[in-house]
Amino acid sequence: MKTYTNTGNKDTRSGFGAGLEELGKKNENVVALCADLTGSLKMDAFKANHPERFFQVGIAEANMIGMAAGMTIGGKIPFTGTFANFSTGRVYDQIRQSVAYSGKNVKICASHAGITLGEDGATHQILEDIGLMKMLPGMTVINTCDYNQTKAATLAIADHDGPVYLRFGRPKVANFTPENGEFKIGKAVELTEGNDVTIIATGHLVWEALEAAKTLNEAGISAEVINIHTIKPLDANAIIASAKKTRSVVTAEEHNYMGGLGESVARVLSENAPTPIEMVATQDTFGESGTPAQLMEKYGLNAEAIVKAAKKVVARK
Amino acid sequence: MANIAQLEDMVTQVRRDIIRQVHKVNSGHPGGSLGCAEFFVALYQEVMDRKEGFDMNGEGEDLFFLSNGHISPVFYSVLARSGYFPVEELNTFRLLNSRLQGHPTTHEGLPGIRMASGSLGQGISVSIGAAATKKLNNDNHLVYTLCGDGELQEGQNWEAIMYAAANNVDNLIVSIDLNGQQIDGSTDAVLGMGSIRAKFEAFGWDVLDVKEGNNMTAVIDGLNAAKAKTGNGKPICVLLHTVMGNGIDFMMHTHAWHGKAPNDEQLAEGLSQNPETLGDY
């Protein structure tokens with residue numbers, strides 16, 4: 001079984017900050033807007049090096065989204081930065097009308113997504129954002145798994161013409177994808193090859209899926225781990241091919257099972273290759289305060305939960 | 001300076017276009033549209049520096065954003081009469097497969113539209129963004145916006161109004177259609193806003209009144225005065241005092257025609273008060 005090495009824990013938001021800073025140098029049309037969370041979003045370097053292209057909007061996310069939409073008129077490529085909760089639910093109508101329906105080239109970059117935001121609790125831990133954003137026609141939805149991939153995705157979305165939701169997080173997590181690796185929007189990444197079960201994971205759950213695959217391997221279950229960084233458009237072919245081979249699927253995401261990756265996978269498979277599925281996700285609940293590790297355990301979002309789901313779905317074949 | 005009589009003739013024709021569009025599909029918003037006919041004609045025929053044709057980026061020309069998108073009939077009429085698309089297309093207003101959607105949109109590729117609007121309160125933010133890009137591109141042209149007065153009840157406006165003053169967005173002219181009416185009644189009755197002038201001034205805007213917002217000369221003078229104030233570190237607000245339903249006597253001074261279409265007799269009466277000048281579509 002192919003194994004991956006954690007080159008040192010890093011936060012995905014720092015990958016965004018590094019990517020944005022590189023874009024600042026490479027592409028003079030890239031502008032950045034932030035709603036009073038410059039440090040949290042790791043946008044300080046862009047701000048320091050490109051002050052004329054950095055827009056501090058204050059605690060006013062609706063205005064930020066509207067401004068970003070307007071800035072595209074004349075050729076700028078705006079990247080907005082705030083927490084996932086304030087990037088989506090708070091400004092849904094602004095995104096819907098001024099960005100998505102208007103077809104504007106805005107990149108909505110959302111940190112502190114999911115339950116691993118931790119101690120701040122449920123007011124800040126959005127578990128519904130993937131659903132909200134994938135419902136918008138024309139919106140590309142990306143959830144990256146580690147520092148390197150977040151940096152690569154940040155660079156890639158600047159070259160994609162159209163609105164994008166880029167979701168990443170707060171905690172330091174394993175960094176295991178290649179440095180300066182290629183990021184193809186909409187292309188699944190097969191991490192391990194397996195025959196007994198397919199684990200389709202996104203975001204922070206990808207590393208957990210790899211850990212789960214090791215445990216499963218020791219138990220004689222060969223798991224194929226697929227990293228779905230792009231939830232929309234979904235790489236249906238990769239999912240169908242793997243499901244046909246393994247005949248059982250686990251999806252894993254830091255999001256409500258309603259509206260998330262799991263439901264998208266279930267739709268693709270029910271239409272093309274009906275397959276038993278178990279979803280590792282939050283169960284239609286709000287989060288709460290706690291450390292990221294405690295919350296991942298309590299809400300069943302870690303490697304252990306994935307192992308359990310895999311055994312269950314294999315038994316259902 | 002254009003001949004005022006010619007511009008007024010266009011206003012009369014635009015009024016005909018407005019009520020004919022709305023009558024045909026028995027839906028749409030004639031009241032606010034009629035109140036802003038002079039503003040739109042002045043803006044597109046006299047005040048704005050516009051290029052030939054249309055491209056989305058609008059570099060090297062002034063831009064206009066309509067925030068209160070429900071007054072699409074006047075916007076469509078003036079865009080068509082200004083050459084953005086054939087006037088015959090006004091026949092398709094609100095019909096299936098039309099580029100003239102109920103509220104303006106970029107989605108169907110109608111020339112002249114740069115942003116969807118309809119869900120209220122978003123136009124000033126969008127305009128600030130477009131104005132910021134103009135500055136980054138060293139483009140000295142201006143950005144114009146129109147908002148309804150009732151629309152100012154939306155909170156996003158005040159985020160935008162605060163931002164524009166704090167960041168010296170001085171290539172932006174926001175006009176407020178001060179007709180004092182909204183769907184449920186007068187703005188004072190629905191949600192009194194007190195002095196809109198005092199609010200804009202308190203936020204740090206340069207405010208000027210156009211007391212006769214349905215007088216072509218007054219509108220042109222007011223917008224030119226606003227233009228002269230740009231580039232001085234402050235965003236500009238024009239308080240455009242208009243009469244909802246202006247130019248059709250039974251539609252004036254009431255919110256009743258905010259979103260209601262005239263019947264056949266009312267259409268005939270409205271048209272008789274506004275004789276054909278440039279030719280009906």
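Order of the sequence lines sets the chain letters (A, B, ...), proteins ahead of strands, with each chain counted from 1.
The aromatic rings of A:His229 and A:Phe183 lie tilted to each other, with the angle between the two planes from 30° to 60°. Between B:Trp158 and B:Phe200, the ring-plane angle classifies as tilted under the 30° and 60° cut-offs.
No option in B:Arg197, B:Lys229, B:Lys227 other than B:Lys229 meets the salt bridge (Lys or Arg N to Asp or Glu O under 4.0 Å) test with B:Asp206. Paired with B:Phe64 under the rule ring-ring contact (aromatic ring centres under 6.0 Å, His included), one option of B:Phe75, B:Tyr144, B:Phe54 passes, and it is B:Phe75. The only option from A:Thr150, A:Thr230, A:Thr202 that meets the side-chain hydrogen bond (donor to acceptor under 3.5 Å, both in side chains) definition with A:Thr144 turns out to be A:Thr150.
When each of B:Ala130, B:Ala131, B:Ala132, B:Ala166 is scored by its heavy-atom pairs under 4.5 Å with chain A, the top score falls to B:Ala130. Ranked by non-hydrogen atom pairs under 4.5 Å with chain A, the options B:Arg114, B:Met115, B:Glu59 are led by B:Met115. Your options are A:Met71, A:Lys104, A:Glu28, and the one with the most heavy-atom pairs under 4.5 Å with chain B is A:Met71.
By the 4.0 Å N-to-carboxylate-O rule, A:Arg267 lies close enough to A:Glu271 to be salt-bridged with it. With respect to B:Lys135 and B:Asp170, a salt bridge is recorded, a charged nitrogen being found less than 4.0 Å from a carboxylate O. Between A:Arg90 and B:Glu159 there is no salt bridge, since none of the side-chain N atoms of the basic residue sits less than 4.0 Å from a carboxylate O of the acidic one.
If you measure heavy-atom distances from B:Ile113 to chain A, you find no contacts under 4.5 Å at all. With a 4.5 Å cut-off on non-hydrogen atoms, A:Glu61 touches chain B through its backbone but not through its side chain. No part of A:Val91 comes within reach of chain B, as not one of its non-hydrogen atoms sits under 4.5 angstrom from that chain. For chain B, no part of A:Ala68 is nearby; none of its heavy atoms comes within less than 4.5 Å.
Residues of residues 119-129 of chain B having a heavy atom under 4.5 Å from any heavy atom of chain A, listed by number: B:Ser119, B:Gln122, B:Ser125, B:Val126, B:Ile128, B:Gly129.
Environment of CZ in A:Arg53: crowded, with over 12 heavy atoms of neighbouring residues, nucleotides or ligands closer than 6.0 Å.
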